[in-house]
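Small disclaimer: the values here were computed from a predicted structure and weren't measured. Residues: numbered from 1 along the sequence shown. Atoms within each ligand, like the ligands themselves, are counted from 1 in listed order.
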Amino acid sequence: MKNMNTPKNSSLENESNQITINTIATLIIVLLPILGAIVGIKLTLDSQVSLIDIGMLGIMYFLTMIGFDVGCHRYFAHHAFQTTTAVKSLLAILGLMSSQGGLLYWSVGHPLHHKLSDQPGDVQSPNLEGNDFWGKLKGLYNAQVGWVFKIANDGNDPENIVKFEKAIKDPLILKINELQLVWIILGLIIPATLEGLITMSWMGVFKGFIWGGLVRLFLVQQFAGTISSVCHMFGDRPYKTNDYSTNNFWLAIPTLGGSWHNNHHAFPNSAYCGLEWWQIDISNWVIWILEKTGLIWDVKKPTPSMIKARKLQNSSTN
Ligand SMILES: [Zn+2]
Ligand SMILES: [Zn+2]
């Protein structure tokens, strides 16, 4: 019956196959780290955790979370600074390893999270499923992990691709983005290989894969998820914004500063999310070092008077 397919039918068939492949790949990327975390708990209970395991987890977590927060979010979504091709390529690779959606989402989709914040069309919002307990719970799930399934097929839309290419311009970054799955897999292989070489054992390969690979991916996914879920439902709102964005001090360290999310909605183009001296923002420190070493420039941040004026806006609308 194959020859009865018109070209249109066959392209529809290809598209639906692609949608299925993308959804299955997303499901594996979400489920596999959960299994890895369960193995990690078992190894911990059996006292099978070494300093090398913890080091591998910590280093890989830091690098991929920086890739996500400084790269995907502050640079590719908000253009909060300018940088060299080498630095932006590295940020893109580390960001894609974090499995928080591709650069197409961050440069084309995430601006809608700010434009439509907590209104229909904002895929990262936890506040669109009703105000009762189950609505809130479903909303939290959506903002925590559900949204990655919603954006899994954004790249099939030709209009999105045109917008993406216009936003990125650089063919090298477009190529890096096409290889997203390769970077995610490399993010599992690299710690496995390193720990195998350090310990010269297959057990080292296995533990590097679990701790630096899967447990790290699980923690990155879940803590990055809290920026959309928890930081749009619970916490402080020092700035009045047209959404429910909040700051959460207790998430500042694991999110590397991403949890100063109400600040971020008040000043979306700022490279700095922590705006007070006491607001720990590790990504700010990385950005500061990169700026001092000349690797990035034109770093956008609000002046103290802009911050003061924004706070005064609060009292005038009270
Ligand atoms: Zn937000
Ligand atoms: Zn943002």
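If you chain together hydrophobic residues whose side chains sit under 4.5 Å apart, Ile41 and Phe209 never meet in one group. By the rule that hydrophobic residues join a cluster once side-chain heavy atoms approach within less than 4.5 Å of another member, Val30 and Ile21 end up as members of separate clusters.
Between Phe249 and Trp278, the ring-plane angle classifies as tilted under the 30° and 60° cut-offs.
With respect to the salt-bridge test (charged N to carboxylate O, under 4.0 angstrom), the residues Asp132 and Lys138 do not qualify. Salt-bridge annotation for Asp281 and Lys301: absent, with no side-chain N of the basic residue lying under 4.0 Å from a carboxylate O of the acidic one.
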Would Asp118 and His232 satisfy side chain to side chain donor-acceptor pair (under 3.5 Å), going step by step from the backbone distance to the final call? CA-CA 8 Å; Asp118 288 316; His232 269 263; 2.9 Å; yes
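Of all N, O or S atoms in His73, the one lying closest to the Zn ion (ligand 2) is NE2. Taking the Zn ion (ligand 2) as reference, His110 places its N/O/S atom NE2 nearest. Within His78, NE2 is the N, O or S atom that lies nearest to the Zn ion (ligand 2).
Around the Zn ion (ligand 1), the protein N, O or S atoms found under 2.8 Å comprise His113 NE2, His232 NE2, His261 NE2, His265 NE2.
Checked against the 6.0 Å centroid criterion, the rings of Tyr272 and Phe267 do not qualify as a close aromatic pair.
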